[in-house]
**Q** 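Sharing a structure with you now.
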Amino acid sequence: MITEKVTRFKFFVCVSIILATIMGVYAQDIAYYIVGNSPNTTQIYLNLLTILTVLSVGLFVVTPIGIYIFIKKTSVDDLILNLCLIADIAIGALTSVFSIFVMAMIWG
């Protein structure tokens with residue numbers, strides 16, 4: 001029973017780290033793809049880029065909090081979860097700084 005919960009949670013953590021990284025690195029491309037190249041959509045593009053950046057940073061912040069709560073709640077000391085915590089903090093810091101920099105440069 002507990003191993004099934006740990007496996008599901010590991011899957012959730014891996015998916016959230018990958019999704020947050022993709023949204024953080026490719027937020028500008030995703031926003032451009034959705035909005036297109038119309039001259040009247042600059043504000044929509046900026047709003048969409050801001051939303052994607054905030055979602056990416058939010059996922060990077062929520063994931064370690066969820067890992068910490070899960071470890072304390074289930075009393076499971078799993079090496080994979082600890083490695084995911086370290087990876088999330090390292091990848092999250094670099095990706096968040098990059099995506100916030102890109103967003104600030106586009107804002108002007």
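Values reported hereafter were calculated over all heavy atoms of this structure, with side chains retained and with hydrogens, waters and symmetry mates removed.
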**Q** Can you tell me how far apart CZ (Phe12) and CD1 (Ile17) are? Round to the nearest 0.5 Å.
**A** 10.0 Å

**Q** Among the clusters formed by ILVMFWY side chains lying less than 4.5 Å apart, do Leu59 and Ile91 turn up in the same one?
**A** no

**Q** Hey, could you give me the CG/CD1 distance between Leu81 and Ile86, rounded to the nearest 0.5 Å?
**A** 11.5 Å

**Q** So, for Leu49 and Met103, which heavy atoms are closest and what is the spacing to 0.1 Å?
**A** CD2-CA, 4.1 Å

**Q** I'd like to know if Trp107 and Tyr32 are part of one continuous hydrophobic network [Ile/Leu/Val/Met/Phe/Trp/Tyr, side-chain heavy atoms within less than 4.5 Å].
**A**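 Same cluster.
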
**Q** With a 4.5 Å cut-off on side-chain heavy-atom distances among I, L, V, M, F, W and Y, is there a chain of contacts connecting Val61 to Leu55?
**A**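 Val61 and Leu55: separate clusters.
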
**Q** So, does Ser99 use its side chain to make a donor-acceptor pair with the main chain of Ser96 at under 3.5 Å?
**A** yes

**Q** Out of Thr63, Ile67, Ile80, Val13, which residue meets the side-chain contact (heavy atoms from CB on, under 4.5 Å) rule with Leu85?
**A** Ile67

**Q** Within a radius of less than 6.0 Å around OH of Tyr26, do more than 12 heavy atoms belonging to other residues, nucleotides or ligands occur?
**A**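 No - once you tally the heavy atoms of other residues, nucleotides and ligands closer than 6.0 Å, there are 12 at most.
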
**Q** CD1 of Ile34 to CG of Asp29: how many Å apart, nearest 0.5 Å?
**A** 11.0 Å

**Q** Nearest 0.5 angstrom please: Thr41 OG1 to Leu48 CG, how far?
**A** 10.5 Å

**Q** Hey, mind stepping through Phe60 and Ile89 against side-chain contact (heavy atoms from CB on, under 4.5 Å) and telling me if it holds?
**A** CA-CA 7 Å; Phe60 279 127; Ile89 292 171; over 6 Å; no

**Q** What distance do Phe98 atom CZ and Thr53 atom OG1 have between them, rounded to the nearest 0.5 Å?
**A**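 Rounded to the nearest 0.5 Å, the CZ-OG1 separation comes to 10.0 Å.
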
**Q** Would Ile100 end up clustered with Val102 when hydrophobic side chains under 4.5 Å apart are linked, directly or stepwise?
**A**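 Not linked; separate clusters.
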
**Q** Determine whether Ile106 and Val57 fall in the same hydrophobic cluster, where Ile, Leu, Val, Met, Phe, Trp and Tyr are linked whenever their side-chain heavy atoms lie under 4.5 Å apart.
**A**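 No, Ile106 does not connect to Val57 through the hydrophobic network.
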
**Q** Can you give me the closest heavy-atom contact between Ala20 and Thr95, atom names plus distance?
**A**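 Closest approach of Ala20 to Thr95, heavy atoms only: O-CG2, 4.4 Å.
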
**Q** Which heavy atom of Lys5 sits nearest to which heavy atom of Phe70, and what is that distance?
**A** O-CZ, 3.9 Å

**Q** Hey, could you give me the CD1/CG distance between Ile51 and Leu46, rounded to the nearest 0.5 Å?
**A** 11.0 Å

**Q** For residues Tyr45 and Gln28, determine if any side-chain heavy atom of one lies less than 4.5 Å from a side-chain heavy atom of the other.
**A**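 Answer yes - side chains close enough.
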
